[in-house]
Every structure is written in structure tokens, then in C-alpha cells.
Amino acid sequence: MWVYEKRLQFPVNIKEPNAKMAQFIMSQYGGPDGEMGASMRYLSQRYSMPYGEQKAVLTDIGTEELAHLEIVAAIVHQLTRNLTAEELEAQGFGRTISTIPRGSGPRQPAACRLMPANSSRKVIRSPICLRTLQQNRKRGAPTTTSFVS
Amino acid sequence: MMPGMPAEPIRDLRLSAQNVVPACGSCQGGGDMIFQDKEALMRQIMEAGFAMDDVVLFLDTHPENQDALRYYQAVRDMRNQAIAAYESQFGPLRYADVTSSSWNWVTEKWPWEGGC
């Protein structure tokens, strides 16, 4: 289980929004080298570890990656904060924002959607994206649509 | 003694970390003591918390290291004191720490909103 602390691990105070920059930063959220994948990998790898030192370090790093995830999300949120739909569109954020209700930041399906179809298999296996993939299969949607931005 | 591990816990974390955590611009120069205290306390929590995150990972792979264990105890106490001081004035950082007669978990600013 986990307990939330109502603070960022490192402060984020962005004064000028910049949706173009937000699109680059977003790859660090749910992309193939993003914090979400990192956290899920560390936490999943714990179960095959035979020694206490390994179980502990994977647990504590996997937990810290969630704090990093929140920092990245705060950066994307503040970079797109208070922009109008027209401004977001003009800064190339239109296609991304159309999948994110209220325009405040990435959520799970959007983060999965940001992964290119050829991203490494280890990321596709992450539990959240796997679930999206399975739901799409049930709906009869082509399996790649979730991963093509 | 492992390389990189100080022999003695750093007594004042701010001396070692003052250039690591940037000050919050929105709370600078306002001359408002309350906000300065709030920022200073959050900064202490972040600094001690960062030191604790780091030494915990070290201890995970070096559980017998007594220097690291002493450092952990020192930064943990600093962190706990800073969190208690912050929460007593500015509201809970963890929902288990709500002591108010009203549910003030929902009223304070959220971390991603910036500020202090």
C-alpha cells in the first residue's frame, strides 16, 4: 500500500505556459522511458527477487519514481495552464488535448496513447497500458490505435 | 566506511542543500512573515526528505553500515520536526495528520498548483 504526501518531491513553479514544450516533457510521463513505466517495472520486478536488499531497493525506487511522475505531471499541467483551445491548437497541442478532458494534464489512456506503436515491449507490458490494450481488443478496435499519437 | 558517506550527519542541511532546492518566486519579497515561514518550512521538509530518500536507498543495499544508519536517524528526525511544524500552522500533508475540527485536507493548495 502507499501513503500520499501533499507536496512535490521537488518544487515546480512555471510562470509562462508553453504547450509546445509540454509535448516534449510529456514523453517523460508515460513514454517508453517515462516515469510511469519506470515505476511499474521496478515494482513488478520485486517479485522475482530472492534477497531482502533487492526487494527493498526495488520497492523504494519504484515508490520514488511515483514522486517523479508527479513532478513531470506538475510541469505539463503548469505549461498548459490557462491556455485557450486556440492557443493550444496553435502550439501544436491540439491532437493531444483532444484526448484529455479539461486540458489539465495527462491521464492514463493519454499517457499510453503517447507511446509510439514501436515502443519497446517492456513498456507495452506495463499493467496500465496492457489493460487499455485489452479493453480496445474487447471493443474490436485495432490494437495499435492506443499507441499511435 | 563507504565512499561518499559523511562520517557525521550534516547538522544543518540548509548549509549543504541551499542551492539545490530553488526558492519559490511567488513568495519572495512580499515581506509577509507567514508566507516566508511557510516557504522555509516546506524547504526544510524537501531538503530533509531528499536526504532521507537518498540514505534509505543506500541502506537498502548496505544494511550493516552504521554511519548511514546514524545519518538516516538524523535526517528522519529533522524531517519529522519540519513536517510537524508545517502541519501545525498550514494544514495536513498526510490525511492521517488531520487534527482540525474541519476536514482541511481539501482546502489547502495542491502540490501541482505551484506556490508554496
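Hydrogens, waters and symmetry mates are skipped; everything else that's a heavy atom, side chains included, is used. In the text below, chain A, chain B and the rest are named by the order of the sequence lines, each starting its count at 1. Everything numeric here is computed off the predicted structure, so don't read it as measured data.
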Is B/Arg43 salt-bridged to B/Glu39, cutoff N-O under 4.0 Å?
-> no

Hey, mind stepping through B/Gln73 and B/Arg76 against side chain to side chain contact (heavy atoms under 4.5 Å, CB included) and telling me if it holds?
-> CA-CA 5 Å; B/Gln73 288 159 351; B/Arg76 179 198 55 197; 3.8 Å; yes

Give the member of B/Leu57, B/Thr61, B/Asp97 that has the highest number of heavy-atom pairs under 4.5 Å with chain A.
-> B/Leu57

Do you know which of A/Ala67, A/Ala56, A/Gly52 has the most heavy-atom pairs under 4.5 Å to chain B?
-> A/Ala56

Heavy-atom distances under 4.5 Å only: say whether A/Gln54 touches chain B with side chain, backbone, both or neither.
-> neither

Pair A/Glu5 + B/Arg79: basic N to acidic O under 4.0 Å | yes

Can you establish whether the number of heavy atoms outside A/Tyr4 located under 6.0 Å from its atom OH is more than 12?
-> yes

